[in-house]
Amino acid sequence: MIPSITSMDKVVEKQKGLSKKTIVLLAIAGVLILAVAALIPTIRRWSRADRSVLANQIRIGAVARGELVRDASAQGKIVASLHPTLFSPSPGIVSLSVRAGDAVKKGQLLGRVESPELRSRLLQERSTVSSLESALERQKISARQAELKNAQNIALLEVKLQAAGRLLERAQRTFAEGLLNKTDFEKAKDDLQIATLELKNAKETALLEADTARFDIRDRQLQTEREASVLNELQRQVKELDMVAPFEGVVASVAVQDRDAVAANAPIVTVVNLSAFEVEITIPENYAPDAIPGTKAAIFYEGKEYPGKVMAVSPEVRDSQLRGIVTFEGQPPAGLKQSQRVSVRLLFEVRLNVLKLPRGPFLESGAGRSVYVLDQNSVASRREITTGAVSVSEVEIVTGLTEGERVILSDTSEFGAAKSVLVRN
């Protein structure tokens with residue numbers, strides 16, 4: 001028989017209040033309830049948004065009011081204001097006297113083109129001009145001789161006319177006295193008339209010969225002047241065979257080697273004047289209406305800004321680019337070198353008291369007509385806007401936004417047609 005175990009039982013008294021386990025369970029339940037309550041706004045935001053994006057993947061900017069400078073940036077290079085290239089005036093063999101980088105004085109010989117053909121033509125033209133000048137002088141002498149001969153003939157005919165007049169007077173008196181027959185009297189009258197006609201004809205002939213002589217002399221003179229102009233041109237070309245520096249400067253480049261054969265109008269040497277510099281720029285063609293001579297500019301060189309202005313703009317567009325020349329206003333910086341790269345900012349217009357945003361990819365992805373505006377719950381809603389002037393760093397907002405609103409500046413093309421986007425931290 002198994003003995004009773006009552007002697008082993010122990011009375012346990014029930015504790016008052018909640019047990020530890022219950023307290024732990026209640027605490028866990030409270031935490032879960034608080035967590036759910038805290039997640040309710042997030043859940044609501046998630047439910048409102050069509051897409052979501054991480055905050056560190058986008059750039060956000062605020063709408064501000066102030067001054068907007070409509071401008072454009074361009075890349076340029078330093079060029080000398082004077083940088084002519086000397087060309088060969090004729091085919092020949094070039095003999096160089098300088099090398100690239102040499103400093104030269106005004107009038108210094110840079111090189112010579114040896115052209116025997118051109119020099120031979122010069123000698124031939126000199127002989128031709130001398131021959132024509134001699135022929136012109138001979139023509140003038142012949143004209144004077146003809147003039148003297150005609151004058152002598154006219155003088156003789158005048159004497160003959162006077163003699164015929166006197167004979168006619170005597171014949172009239174004799175005929176009136178009956179001592180001269182009618183035949184001799186009529187012959188005296190005919191002799192006077194013949195002398196008169198001969199003198200008249202001699203004078204007209206002298207005038208015609210004088211006119212002919214003048215035309216002959218003029219023709220000879222024109223031939224001589226024509227050949228003289230050809231001679232002057234050849235002399236100019238021969239003179240240009242000796243290429244001299246047009247001003248004090250530096251030899252920038254030499255296009256040929258010493259003793260090379262060159263063709264006519266072939267580039268030989270380029271000389272630059274380093275005392276005056278300008279900036280050659282290229283800008284997109286859409287700025288063509290604004291980039292006009294006189295436009296203000298800022299030239300950035302070694303971290304400093306120098307004022308300038310547009311001096312000239314090419315009327316031709318190449319590869320969707322427009323070329324222009326910007327000059328320094330005032331003293332240019334020291335140490336400039338040919339072909340050195342610089343940045344240029346063209347200042348087209350200044351607008352005061354306008355709403356503006358920092359410029360970003362949103363302008364292209366939204367075609368300048370829509371943006372995503374963030375609210376206090378970090379939800380970006382799509383909104384239609386109207387943009388105005390655009391600068392390198394800012395864009396004017398005409399309608400659709402108010403001062404202080406925050407806008408996504410990054411590329412929004414990946415949002416598609418989403419009306420709202422959640423920005424997650």
Side-chain angles (χ1 to χ4, degrees), residues 74-122 229-230 232-283 291 293 297 299 301 308-319 321-328 332-342 344:
Q75 294 299 316
K77 64 178 181 180
I78 299 295
V79 295
S81 299
L82 298 175
H83 52 279
T85 299
L86 304 183
F87 295 84
S88 170
S90 174
I93 305 298
V94 63
S95 176
L96 296 175
S97 303
V98 294
R99 296 177 296 180
D102 288 352
V104 295
K105 301 290 185 180
K106 182 178 180 179
Q108 179 179 339
L109 181 65
L110 305 179
R112 178 181 291 111
V113 177
E114 300 172 2
S115 178
E117 178 184 358
L118 189 61
R119 295 186 182 276
S120 175
R121 287 177 54 197
L122 176 61
S229 65
V230 174
N232 291 335
E233 175 61 19
L234 286 173
Q235 288 176 336
R236 183 190 65 81
Q237 293 181 13
V238 171
K239 184 178 180 181
E240 289 184 352
L241 292 177
D242 293 337
M243 293 172 290
V244 298
F247 45 74
E248 183 177 353
V250 175
V251 177
S253 62
V254 178
V256 296
Q257 298 293 326
D258 191 29
R259 308 306 299 174
D260 273 357
V262 295
N265 301 318
I268 304 297
V269 61
T270 300
V271 183
V272 298
N273 185 351
L274 299 182
S275 62
F277 288 98
E278 58 192 18
V279 182
E280 184 181 275
I281 63 172
T282 55
I283 57 177
I299 304 169
Y301 173 74
K309 67 177 179 180
V310 178
M311 284 296 296
V313 179
S314 172
E316 181 182 8
V317 177
R318 290 186 178 181
D319 301 327
Q321 297 290 319
L322 195 67
R323 295 184 179 274
I325 297 296
V326 176
T327 58
F328 290 92
L336 291 177
K337 292 181 173 55
Q338 180 84 349
S339 299
Q340 193 171 10
R341 290 288 176 179
V342 294
V344 179

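As the structure is a prediction and not an experimental result, all values here were calculated from the model.
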Legend entry - Electrostatic pair E240:R236 at N-O distance under 4.0 angstrom: yes

Inset, instruction - Using a 4.5 Å cut-off on heavy atoms from C-beta on, say whether the side chain of S339 contacts that of I78. - result: no

Inset, instruction - First locate atom CG of L96, then atom CE of M243, and finally report the distance between them rounded to the nearest 0.5 Å. - result: 6.5 Å

Inset, instruction - Check whether more than 12 heavy atoms from other residues, nucleotides or ligands sit under 6.0 Å from atom CZ of R259, and answer yes or no. - result: yes

Legend entry - Reported CZ-to-CG distance for the pair R121 and L234, which is rounded to 0.5 angstrom: 5.0 Å

Legend entry - Residue pair S115 / P91: nearest heavy atoms and the distance that separates them: OG-O, 3.2 Å

Inset, instruction - Measure the shortest side-chain to side-chain distance between V113 and I93 over non-hydrogen atoms and say whether it is less than 4.5 angstrom. - result: no

Inset, instruction - Calculate, to the nearest 0.5 Å, the distance between atoms CG and CD belonging to L322 and E316 respectively. - result: 10.0 Å

Legend entry - Flag if over 12 foreign heavy atoms under 6.0 Å of CZ, R99: no

Inset, instruction - Determine whether Y301 and P332 make a side-chain contact, defined as any pair of heavy atoms from C-beta on separated by less than 4.5 Å. - result: no

Inset, instruction - Output the distance between atom CD1 (I281) and atom CD1 (I299), rounded to the nearest 0.5 Å. - result: 9.0 Å

Legend entry - Distance in Å, Q237 CD paired with Q235 CD, rounded so as to fall on 0.5 Å steps: 11.0 Å

Legend entry - Contact check, side chains of L241 and E114, non-hydrogen atoms, under 4.5 Å: no

Inset, instruction - Report yes if the side chains of V104 and E248 come closer than 4.5 Å at any heavy-atom pair, otherwise no. - result: no

Legend entry - Rounded distance [0.5 Å steps], CG in N265 versus OG in S90: 9.5 Å

